[in-house]
Amino acid sequence: MSERTGLWATALVVMMAGSAQAARVPLRVELARARAAHPEAFAAVDALRASVIAAPPPRDRRVQVARAFRALGRPALEPMLALVEPDAPALRGAPAETARVLREGALEAIGALADPRAVPTLARILDENAPPPVARSAAEALGTLCGDDEMALLGRHAAQGQRHELAAIAGLGQCRRLRAATLLAQRLDARPDDRMARAIAEAMGLLGSSWAWQAAGPAHAAEANEVGERLAESLLHAYLSYPDDVARACARALVMLERPSTAERIAAARAAADGNGQRALDRLAQRWARSRTR
Amino acid sequence: MLLVVGACSEAPPPPKPVADLVVDANRNGLLDPDDPAERAGKASWDSQHGAIFVANLDDDDKKGSADADDEVVNGAADLLDLSPIAVRPWPQATSSFTGTLTVDPASVSQVRLFRVDGPAGDPASYTAVQSPLALTALDLKKGVTLALEGRDFVTSTAQGAWTGLVDFELTVTNTVNHETATDHAILRVAPLILQYNTAPTQAVFYSQLYDDTRPLVDGIQPACSADSMSPTGLDLNALNLDYDQWAQDYFDVGYTSKPGPGGKPVGMKVAIRSAQDDRTAGEVAQKYFRGPDFAAVYKHGVPLDSQSYSLNSFGNWDVIPPYTKGDVSYPLGRNLWGAVPGNPDYSPDAVYADFIRAQKVQPAFNIDTSWLLVGHVDEFTSWVKTITPRGWGLLASSPKLARQMLMDLQAKGYGSTQMFVGKTDDMNQPAAISIDALLADPKIMAASQAAQMAIDDDIAALTDEIGLDPSEVTPMPFLWERVDGALIAYQPGTVNLLYFDGRVVIPDPFGPIIDGQDPFKTDLHQRLEPLGLQVYFADDWDEFHIAEGEVHCGTNVSRDMSAAWWESGR
């Protein structure tokens, strides 16, 4: 929270209280101030917006829009926030698909900046009826920041039945903390539907990635250990409970944890399993062994 | 006396009607009426017997449309694209006989039949005729020569769709006593065959975007020169087409053929436009390639499928080289494309996919590319000819190897050495990053590990299906990142390469420079040269790598696919 100052922090507090409309007043003030201070950044974002509307890129390379926004760098944060606001004036009249691409692209860039000043806008997007890819981009940006407040926001949206449940789960997957791991594990342990379970497993893989925790350094070893054990337990149970495509996602995530105890866990589960479970666990053991040798 | 007179004046009984069609059932490019193999195999179609015709979709007279679009023979060269059919002369035919030649109802709209009256080498001798074609007694007596062209390929596997087999029926009738004779002959339209990497290469293409593609061309040129070729730039601007650097994606090249003289395949190349309606660069199929012996096709759903647009790019369409597993052979290889079978949200255009399946000779196999940002099989696999017992192998992305290489360098004290020196990232900032910093980036590491998991599953599916030994899969080191919820190469994707004739042009990895060498380049030389590959590098960073593609995405090829597909048994 130390980086948040002035009206941005006020906006976040208002958002946390659940009053989206109230937060817009200070946001508008802040944007006006930013526009006056950095007119060139607003002009650059506006030029990009106009060029994408005039000539949308091929649909299989639309992430180029995100890249173009990212190329504008940190000075473009405020104008990008203005662009992704629900009902942003700059996108009125744009074809719906193009508007979505622009918002997604700008959100991706905002997330890459990992700037706390974006939190109120990101929170507001999750509170409103944003298209799922837009909501996911916002949630992942929040997950990248991964402070207590962001995690609380994501946890609220990740609850069963929430409009942006999937997005929030993806956001939690970006938050490498035990609390986020526990939230995801609890959701998976509650046996959600296949689509949700697959998304949770994928998020768990990213959160628990052994390569990522090793990158974070030895100072995080203890938390890495707790996270890994919590996720491994949940993923192994889910592996035996879901059909093939979900089970495959669980297996991938489990392997990504690279827990030393994995072989023992599989063996212990096999001892208690029926015939089908044993065959499934044999496949998992092979998958585990293959990952060790490749 | 009367009886005697009567006996002397009685006319001889009319001959039994004879109906005899001749087609090139023995596949030697000629009509051999007296060859038992020609006669025995004419009413059936298998790997040994049966006549063939091609979809005449090239433009031999360069008029700007397919030769099959009009009702004339389009010059002498077009004659080679027609398949001969003959009603064998029956000298005993008398004026009481007539004949009728019919095409089966399902095929009528798919083919065009010409009657030849005059020298067979003169296009003016050919007149388009309709089914049923009435034949006179004189026709039957002297015989009739005909020629067949296809108006399209087989397009669907759906029940009731045209199978590509054309059944000709000749009926000869005595109009006095109504006695008849019938004969049948079957011809099959040639399939569209897609290219596999290990076939000899004839041309290399790229989008001619001048300064933007110059670094790529500079990298490709030495490899092409070593193979006595020069890369061909497709000048999209001159063709009034949109800027599109992804030459691999917006078109593909195939081949279709029939037996020619001596039984050797003759036919035409086929440029295919991707099933992406807003991608005008795909019009190179018609505007640039279509011409003599070069056809063009564009198959897509109506409306075009939009759910999985990127899967229609041809970077997602490859061909596993020819192989045999157990007692099943795939002499023309197998089509390979990324999809999640049964999931319409992750499948390419259904009409195009069914069109490819309907060709039959390269049975399809799918792998899951839903974990990829762009979604193309060429992002993590490449097929190359090798000097191994199989003769070819699979190159596959290995983030695990890349990470291990970097950790080894770090352990040797090179952790502060920077990669990507002199390059800018997508934020227009210097891309340079030290080995230490990269290995300490949890996001890159998590994404790379997730990529390795998905790659492992896909490669396992491929090796199980093909029967590849793990030793036939060569790891190609590069790390991945996660963008927009999916995975994309972070380092230049070294497996996303251009392969032709034993040469690989690999994206320059711009790795750390240690003792004057890039260890990633050194590794690739050491890894690939023992396989018999000549290694080249191309700088694709600015135009391709940071725009989610690499060398393979930016290039295309035309290869020699003139194999006798009819021997495949499919």
Side-chain angles (χ1 to χ4, degrees), chain A residues 55-64 66-74 97 104-105 107-109 111-113 133 136-137 140 144 167 170 173-174 176 202 205-217 220 245 248-249 251-258 286-287 290-291 293-294, chain B residues 242-244 246 249-250 276 278-279 281 306 309-313 315-316 340 343 368 371 373-376 398-400 403 424-429 438-450 452-457 459-460 470 473 475 482-486 488 546-549:
Chain A
R59 276 184 273 174
D60 58 346
R61 294 298 199 289
R62 281 188 170 171
V63 75
Q64 288 177 53
R67 299 249 159 164
F69 276 117
R70 289 171 68 169
L72 299 177
R74 195 166 297 275
E97 177 72 2
E104 265 185 78
L107 275 166
E108 191 74 28
L113 291 172
R136 194 204 56 239
S137 295
E140 291 197 359
T144 300
Q174 295 302 304
R176 251 172 290 283
E202 288 169 359
L206 292 169
L207 195 163
S209 161
S210 61
W211 294 10
W213 282 99
Q214 287 163 28
H220 298 274
D245 61 332
R248 186 168 59 245
R252 284 183 184 177
L254 188 63
V255 173
M256 284 179 72
L257 304 178
E258 289 196 306
Q286 289 171 5
R287 178 72 177 80
R290 194 173 68 226
S291 76
T293 55
R294 276 185 62 85
Chain B
D242 290 344
Y243 187 104
D244 197 325
W246 311 109
D249 290 344
Y250 56 75
Q276 296 166 316
D278 61 354
R279 196 161 196 172
S306 60
Y309 178 91
S310 182
L311 300 184
N312 299 327
S313 288
N316 187 41
V340 178
N343 181 354
D368 181 356
W371 53 279
L373 177 64
V374 178
H376 299 174
S398 176
K400 184 174 185 175
R403 178 172 178 261
T424 53
D425 66 12
D426 53 330
M427 297 181 77
N428 210 22
Q429 301 295 314
L438 181 52
L439 288 172
D441 186 328
K443 278 181 170 283
I444 298 289
M445 291 301 124
S448 295
Q449 194 178 20
Q452 187 68 67
M453 296 300 108
I455 292 164
D456 285 351
D457 283 347
I459 298 302
V473 182
R482 190 165 173 275
V483 177
D484 207 18
I488 185 79
I546 64 172
E548 285 76 52

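Within every chain, numbering begins at 1; the chains are lettered A, B, ... in the order of the sequence lines, protein sequences first and strands thereafter.
Note: A:Q174 leads A:E104, A:Q174, A:R248 in heavy-atom pairs under 4.5 Å with chain B. Heavy-atom pairs under 4.5 Å with chain A were tallied for B:M453, B:M445, B:Q449; the largest tally goes to B:Q449. Between chain B and the residues A:A251, A:S210, A:G205, the largest count of heavy-atom pairs under 4.5 Å involves A:S210. Ranked by heavy-atom pairs under 4.5 Å with chain A, the list B:S448, B:A447, B:G375 is led by B:S448.
Legend: residues meeting salt bridge (Lys or Arg N to Asp or Glu O under 4.0 Å) with B:D457, ordered by chain and number and at least two apart, are A:R252, A:R287, A:R290. Scored by the salt bridge (Lys or Arg N to Asp or Glu O under 4.0 Å) test, B:R482 finds A:E140 as partners (sequence neighbours excluded).
No part of B:A281 comes within reach of chain A, as not one of its non-hydrogen atoms sits under 4.5 angstrom from that chain. Interface remark: B:D484 contributes backbone and side-chain atoms alike to the contact with chain A (heavy atom separation under 4.5 Å). Proximity to chain A is limited to the side chain of B:I488, based on heavy atoms less than 4.5 angstrom apart.
Across B:A450 and A:L206, no two heavy atoms sit closer than the pair CB-CD2, 4.1 Å. Taking both residues in full, the closest heavy atoms of B:A446 and A:A212 are given as CB-CB, 3.8 Å, listed atom of the first, atom of the second, then distance.
Of the N and O atoms on the side chains of B:K400 and A:S291, not one donor lies less than 3.5 Å from an acceptor on the other residue.
To the nearest 0.5 angstrom, A:W211 atom CH2 is 10.5 Å from B:L439 atom CG.
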